[in-house]
Peer 1: 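Handing you this structure, nothing more for now.
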Amino acid sequence: MAMYSGALDKTVTHRYMDMMQPSDKVQAMYVWLDGTGEGLRCKSRTLDGVPKSIKELPMWNYDGSSTKQASGSNSDMLLKPVSMFTDPFRRGNNKLVWCEVFDYRNEPTVTNYRASCNEVMDKARDSEPWFGIEQEYTILKQDGSPFGWPHQGYPGPQGPYYCGVGANKVYGRDIVEAHYRACLYAGIKICGTNAEVMPSQWEFQVGPCLGIEMGDHLWMARFILHRVAEDFGVVITLDPKPIPGDWNGAGCHTNYSTKQMREDGGIKHIETAIGRLSKYHTEHIRLYDPKEGKDNSRRLTGHHETSTIHEFSSGVANRGASIRIPRQVAEEGKGYIEDRRPSSNCDPYLVTEAIVRSTVLEDWSDFYYEMPNGQDD
Ligand code: ADP
Ligand code: MN
Ligand code: MN
Ligand code: MN
């Protein structure tokens, strides 16, 4: 018998998960981001009663020396609940709780990019910034090779896989379907899924979300994805170029609009926004992956439906540009734009903050950023 959790007998598990839960006891799974800026961590506690709002959830703590966030001698990190979802795994009144992380001085930790994003979204409130993110990802076997690919060698060249159907075209639909339903159950604003260009690569979309909600919902959707994959005994990677060569990379296209852009005649505000984005290309690239552009440089080559990392470009229906104006938006003269640069492993708080700073606030002067420090040790 294969010894991994996906291979354990789920009928046995079910016998326990079926047990009646005391009505005054709620299981809350707190979820947060570790020091790598990519890794999610979680732990559970029992609450005495059903929390009606996020304000009723207690602060908590954990050992930051085990998450690349603190030294052992001063290791207590604070978890501050900021967003609550229904738990699709435990169901009932049980909750998933998304948290911001603070250190012992009550300062946001290096990878708590939500704190500053939230301030920026507050300042831009009157513009009503909406976002929709297309999260691309790849399903791997536990040995790190793509799920469904031949043991040695490669599947046939790209072409038949995007939005494909059939056992020879798409690999791992069970996981995609389970994740989609689990997100809906949880209350994530997931709005679609599709099979991607590289086999075993998929996408889900979340949106439209207002301001800070984009990061909250995308991070929890990522958590649910990893958790679903765990049940199936497979692994999800958000690496932006998991297979080098003639295989598409993975991005996090970020669709964006303001109130003005969505109204009649919004196209002139769209053009203004693109002009402003063009001035800050370097800043955006620095923030669009956790390694200040290094990850994205493997992906943004100018091939495989990407723009080159070195230059800003935009165009109607152009999937080889930094910013695409969807055809329908150009025709209707209003709507939204698509920033195709963010890497699949980007932090959505950094991406949405950067877009709002450039296009609404036009102000980067008080911006402070530290790269995740837990990457290499
Ligand atoms: P693509 O054609 O690039 O594959 P998708 O259909 O995958 O596009 O994703 C479109 C995304 O755009 C969704 O996340 C959706 O929520 C988002 N979106 C749609 N309208 C708006 C809008 N007005 N402002 C911001 N985002 C939007
Ligand atoms: Mn898409
Ligand atoms: Mn896609
Ligand atoms: Mn897209």
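Keep in mind that what you see is a predicted model, and the values were worked out from it rather than measured. Atoms within a ligand are numbered from 1 in the order they appear, just like the ligands themselves.
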Peer 1: How large, to 10°, is the angle at the Mn ion (ligand 3) when you draw lines to OE2 on E136 and to OE1 on E203?
Peer 2: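 Taking the Mn ion (ligand 3) as the apex, I get 100° for this pair.
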Peer 1: Look at ligand 1 and say whether M261 reaches it with a heavy atom at a distance under 4.0 Å.
Peer 2: no
Peer 1: Could you pull out, from E134, K189, Q135, the option with a heavy atom nearest to atom 8 (O) of ligand 1?
Peer 2: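 Among E134, K189, Q135, the closest heavy atom to atom 8 (O) of ligand 1 belongs to E134.
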Peer 1: Would you mind naming the N, O or S atom of E196 nearest to the Mn ion (ligand 3)?
Peer 2: OE2
Peer 1: For ligand 1, which atoms sit closer than 4.0 Å to a heavy atom of G132?
Peer 2: 14 (O), 16 (O), 17 (C), 26 (N)
Peer 1: Can you find a side-chain donor-acceptor pair between D246 and Q158 that sits under 3.5 Å?
Peer 2: no
Peer 1: Within ligand 1, which atoms have a heavy atom of E338 less than 4.0 Å away?
Peer 2: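 Checking each atom against E338, I get 3 (O).
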Peer 1: Is it true that atom CD of E128 has more than 12 heavy atoms of other residues, nucleotides or ligands lying nearer than 6.0 Å?
Peer 2: yes
Peer 1: Heavy-atom contacts under 4.0 Å between E305 and ligand 1: side chain, backbone, both, or neither?
Peer 2: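 Answer for E305: neither.
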Peer 1: With a 4.5 Å limit on heavy-atom distance, are the side chains of Q21 and Q27 in contact?
Peer 2: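 Side-chain contact under 4.5 Å: yes.
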Peer 1: Are there more than 12 heavy atoms of other residues, nucleotides or ligands under 6.0 Å from atom CZ of R327?
Peer 2: no
Peer 1: Can you list the ligand 1 atoms lying under 4.0 Å from a non-hydrogen atom of N255?
Peer 2: 10 (C), 11 (C), 12 (O), 17 (C), 25 (C), 26 (N)
Peer 1: For K80, is the NZ atom crowded, meaning more than 12 foreign heavy atoms sit under 6.0 Å from it?
Peer 2: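 For K80, atom NZ is not crowded (no more than 12 foreign heavy atoms under 6.0 Å).
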Peer 1: Ignoring hydrogens and geometry beyond distance, is a side-chain donor-acceptor pair present between Q201 and Y161 at under 3.5 Å?
Peer 2: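 No, because no side-chain N or O of Q201 sits under 3.5 Å from a partner of the opposite role on Y161.
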Peer 1: Which of the listed options, E128, R324, H253, Q205, holds the heavy atom that is closest to atom 2 (O) of ligand 1?
Peer 2: R324
Peer 1: Identify whether NZ of Lys or CZ of Arg in R357 sits under 6.0 Å from the centre of the six-membered ring of F367 and within 45° of that ring's axis.
Peer 2: no
Peer 1: Tell me: protein heavy atom nearest atom 23 (N) of ligand 1, and distance?
Peer 2: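 Checking every protein heavy atom, the shortest distance to atom 23 (N) of ligand 1 gives S257 OG, 3.2 Å.
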Peer 1: Within rounding of 10°, what is the angle whose vertex is the Mn ion (ligand 4) and whose arms end at OE1 of E134 and ND1 of H253?
Peer 2: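 Angle OE1(E134)-the Mn ion (ligand 4)-ND1(H253): 100°, rounded to 10°.
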Peer 1: Apply the test side-chain contact (heavy atoms from CB on, under 4.5 Å) to residues S116 and E353: give CA-CA distance (whole Å), side-chain angles for both, the deciding distance (0.1 Å), then the verdict.
Peer 2: CA-CA 8 Å; S116 129; E353 173 172 348; 2.6 Å; yes
Peer 1: Please check whether E203 reaches ligand 1 - meaning an N/O of the residue sits under 3.5 Å from an N/O of the ligand, judged on distance alone.
Peer 2: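 Yes; the residue has a nitrogen or oxygen that sits under 3.5 Å from a nitrogen or oxygen of the ligand.
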Peer 1: May I ask you to check whether over 12 heavy atoms, not counting those of K10, lie within 6.0 Å of atom NZ?
Peer 2: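 Yes, NZ of K10 has more than 12 neighbouring heavy atoms, counting only those of other groups under 6.0 Å.
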Peer 1: So, of the N/O/S atoms that E338 has, which is the nearest one to the Mn ion (ligand 4)?
Peer 2: OE2
Peer 1: How close does the nearest protein non-hydrogen atom get to atom 16 (O) of ligand 1, and which residue and atom is it?
Peer 2: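 Answer, as residue, atom name and distance: G207 C, 3.2 Å.
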Peer 1: Any non-hydrogen side-chain atom of Y336 less than 4.5 Å from a side-chain atom of I270?
Peer 2: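 No. Closest side-chain heavy atoms not under 4.5 Å.
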Peer 1: For N194, is the nearest heavy atom under 4.0 Å from an atom of ligand 1?
Peer 2: no
Peer 1: Heavy atoms only, cut-off 4.0 Å: how does C191 contact ligand 1, side chain, backbone, both, or neither?
Peer 2: side chain
Peer 1: Would you say that more than 12 heavy atoms from the other residues, nucleotides or ligands in this model lie under 6.0 Å from the NZ of K25, or not?
Peer 2: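 Count over threshold, so yes.
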Peer 1: Would G335 count as a contact of ligand 1 if the rule is a heavy atom under 4.0 Å away?
Peer 2: no
